[in-house]
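All ligand and atom numbering here is 1-based and tracks the order in the structure.
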Amino acid sequence: MPFRFLSLMSSALSSLIVERIRNTGPLTVAQFVDNALYHEELGYYARAGRRSGRDGDFFTSVDLGPMFGELLEAQFEEMWRVMSGGGAVGEPATDARFDLVEAAAGNGRLARDILDHAAVRAPRFYQAIRLHLVERSPLARAEQAETLGPHAQRLATGSAELPAGVRGVIYANELLDALAPHLVVMRDGGLREVYVDAGDDRLVTREGPPSSPRIEAYLAAVGARLEPGWFAEVNLAAADWIRTAGSCLDCGFLMIIDYGHEASRLYSSSHSTGTLTTYRRHASEHRDEGPGWLMEPGERDITSHVDLTGIALAGREAGLQLLGVIDQTYFLLGLGLAERLLENGSDAPLDVKRRLALKTLLLPGGMGSTHKVMVFAKALQCPTLRGLSLGGRVT
Ligand SMILES: C[S@@+](CC[C@H](N)C(=O)[O-])C[C@H]1O[C@@H](n2cnc3c(N)ncnc32)[C@H](O)[C@@H]1O
């Protein structure tokens, strides 16, 4: 490999990627991103147990403190009541097991916040919980038992794969945006796919025919009509993950929290340059020499918006019933976020940290409006859940 290449690319993973391209040809963007994020030794997520937070590259709702987990706990407890025959408010008839399956569990912080709250507020629910943490990063998985502390005894499985036969809830915060999408562009002659190739001194993008007939089939199924010049991501991995989750769920709920839009908006002029982007130290990057996501693979986060329409379709194909799609703000308000504010009392000012967390969770433009919550059910007749009680509000 030319020395110039290494000096410009400056990441250990780039030389492996270049070697692979020289041996087998250009990679789809999906293959490139999967390598950049999840290569077993050098991938962005493989090299650290935690990537978010003030010292990381981006924030998720989990970084804002325990309140997010505490509110989710209220939703999961209600799901447990519904499934145990106690109805939305009555005491459950049995203490049947409840599988609490977190996918993209990272080092277990969100699960710990949920269990901390359940242990104090809902001890019977707490006793029913069988916790499963599903996480692809081995380093993050290795930190889970320590993060869980006394709750580690509730941990039934910790793995990279979803468990089968789930009776309870499978949930994921910011998983689907971190799965690797194909990148396409519409040209006058028809749909083209974007590939990553090795140029003389850097990785470059090239266009070619779609790598799979599934890509055009996906766009047709969600009703996307791209105009010449528009770029778009097609996240087959996200749809496949939903189908797998649907088949792993015997009875209960699937809850997805992520940022994204309906296909009619995602595949429109407002997103015609695509949404694939990269974060490092809380800033999105684009450089003159090419898109930021192509630079220094393994050193930075790569993410794209979720197509809510494609996720709903995949859920239906997996035998799931879509109960609702709602802005995270309204979901959390339905679970008592406003009451929590009042609980503090007017003469007991919230501490600065909590106030900032609430602002980010609630205000327009913050995570509350960019993030959506989708809830599916399987093999259940169920009433309106509290989190969905404020209606299907999507902005
Ligand atoms: C953006 S982070 C979100 C982490 C955490 N849920 C949060 O909200 O802070 C995405 C996480 O998904 C994990 N991940 C990616 N693909 C996965 C898969 N198929 N199953 C489980 N975890 C996965 C990554 O390793 C990473 O830890």
- [ ] Please determine if Leu179 has a nitrogen or oxygen closer than 3.5 Å to a nitrogen or oxygen of ligand 1.
- [x] no
Open item on the list: Taking atom CZ as the centre, does Arg187 end up with more than 12 heavy-atom neighbours from other residues, nucleotides or ligands that are less than 6.0 angstrom away?
Closed with: yes
TODO: List the closest protein heavy-atom neighbour of atom 18 (C) of ligand 1: residue, atom name, distance to the nearest 0.1 Å.
DONE: Leu175 CD1, 3.9 Å
Open item on the list: Do the side chains of Glu299 and Arg47 get close enough for a salt bridge, i.e. N-O under 4.0 angstrom?
Closed with: yes
Open item on the list: For Lys372, is there an ion pair with Asp327 - N to carboxylate O distance below 4.0 angstrom?
Closed with: yes
- [ ] Can you pull out the closest protein heavy atom to atom 20 (N) of ligand 1? Residue, atom name and distance to 0.1 Å, please.
- [x] Ala160 O, 4.1 Å
Open item on the list: Students should be able to answer this: which protein heavy-atom is nearest to atom 25 (O) of ligand 1, and at what distance?
Closed with: Glu135 OE2, 2.5 Å
Open item on the list: Checking a contact table here: which protein heavy atom is nearest atom 11 (C) of ligand 1, and how many Å away?
Closed with: Ala104 CB, 3.7 Å
Task: Validation row, ring centre Tyr126 to ring centre His151 under 6.0 Å - done: yes
- [ ] Please confirm whether Tyr45 comes within less than 3.5 Å of ligand 1 when only nitrogen or oxygen atoms on both sides are compared.
- [x] no
Task: Spacing of Leu100 atom CG and Phe76 atom CZ [to the nearest 0.5 Å] - done: 6.0 Å
- [ ] Could you tell me which atoms of ligand 1, counted from 1 in the order shown, lie closer than 4.0 angstrom to a heavy atom of Val134?
- [x] 21 (C), 22 (N)
- [ ] Quick one: look up the protein heavy atom nearest atom 15 (C) of ligand 1 and list residue, atom name and how far away it is.
- [x] Tyr38 OH, 3.1 Å
Task: Heavy-atom nearest neighbour in the protein, as seen from atom 10 (C) of ligand 1, with distance rounded to 0.1 Å - done: Glu174 O, 3.4 Å
Open item on the list: Under 4.0 Å, heavy-atom basis, I'd like to know which part of Ala103 is in contact with ligand 1: side chain, backbone, both or neither.
Closed with: neither
TODO: Identify whether NZ of Lys or CZ of Arg in Arg51 sits under 6.0 Å from the centre of the six-membered ring of Tyr44 and within 45° of that ring's axis.
DONE: yes
Task: Per-residue contact class, Arg109 against ligand 1 - non-hydrogen pairs under 4.0 Å - done: side chain
TODO: Classify the ring geometry between His305 and Tyr259 as parallel (under 30°), tilted (30 to 60°) or perpendicular (over 60°).
DONE: perpendicular
Task: Protein contact of atom 19 (N) of ligand 1 - nearest heavy atom, named by residue and atom, plus distance - done: Trp241 CD1, 4.2 Å
- [ ] May I ask you to decide whether Asp99 forms a salt bridge with Arg130, counting only side-chain N to carboxylate O separations under 4.0 Å?
- [x] yes
Open item on the list: I need the contact type for Thr60 against ligand 1. Using non-hydrogen atoms and a strict under-4.0 Å cut-off, is it side chain, backbone, both or neither?
Closed with: side chain
Task: Atoms in ligand 1 flagged as close to Val62, the criterion being non-hydrogen separation under 4.0 Å - done: 7 (C), 8 (O), 9 (O)
Open item on the list: If you define the side chain from C-beta out and look only at heavy atoms, does anything of Leu176 sit under 4.5 Å from Ile242?
Closed with: yes
Task: Closest protein heavy atom to atom 22 (N) of ligand 1, given as residue, atom name and distance to 0.1 Å - done: Arg136 N, 3.4 Å
TODO: Measure up the Phe98 and Phe125 rings against each other and bin them: parallel (under 30°), tilted (30 to 60°), perpendicular (over 60°).
DONE: perpendicular
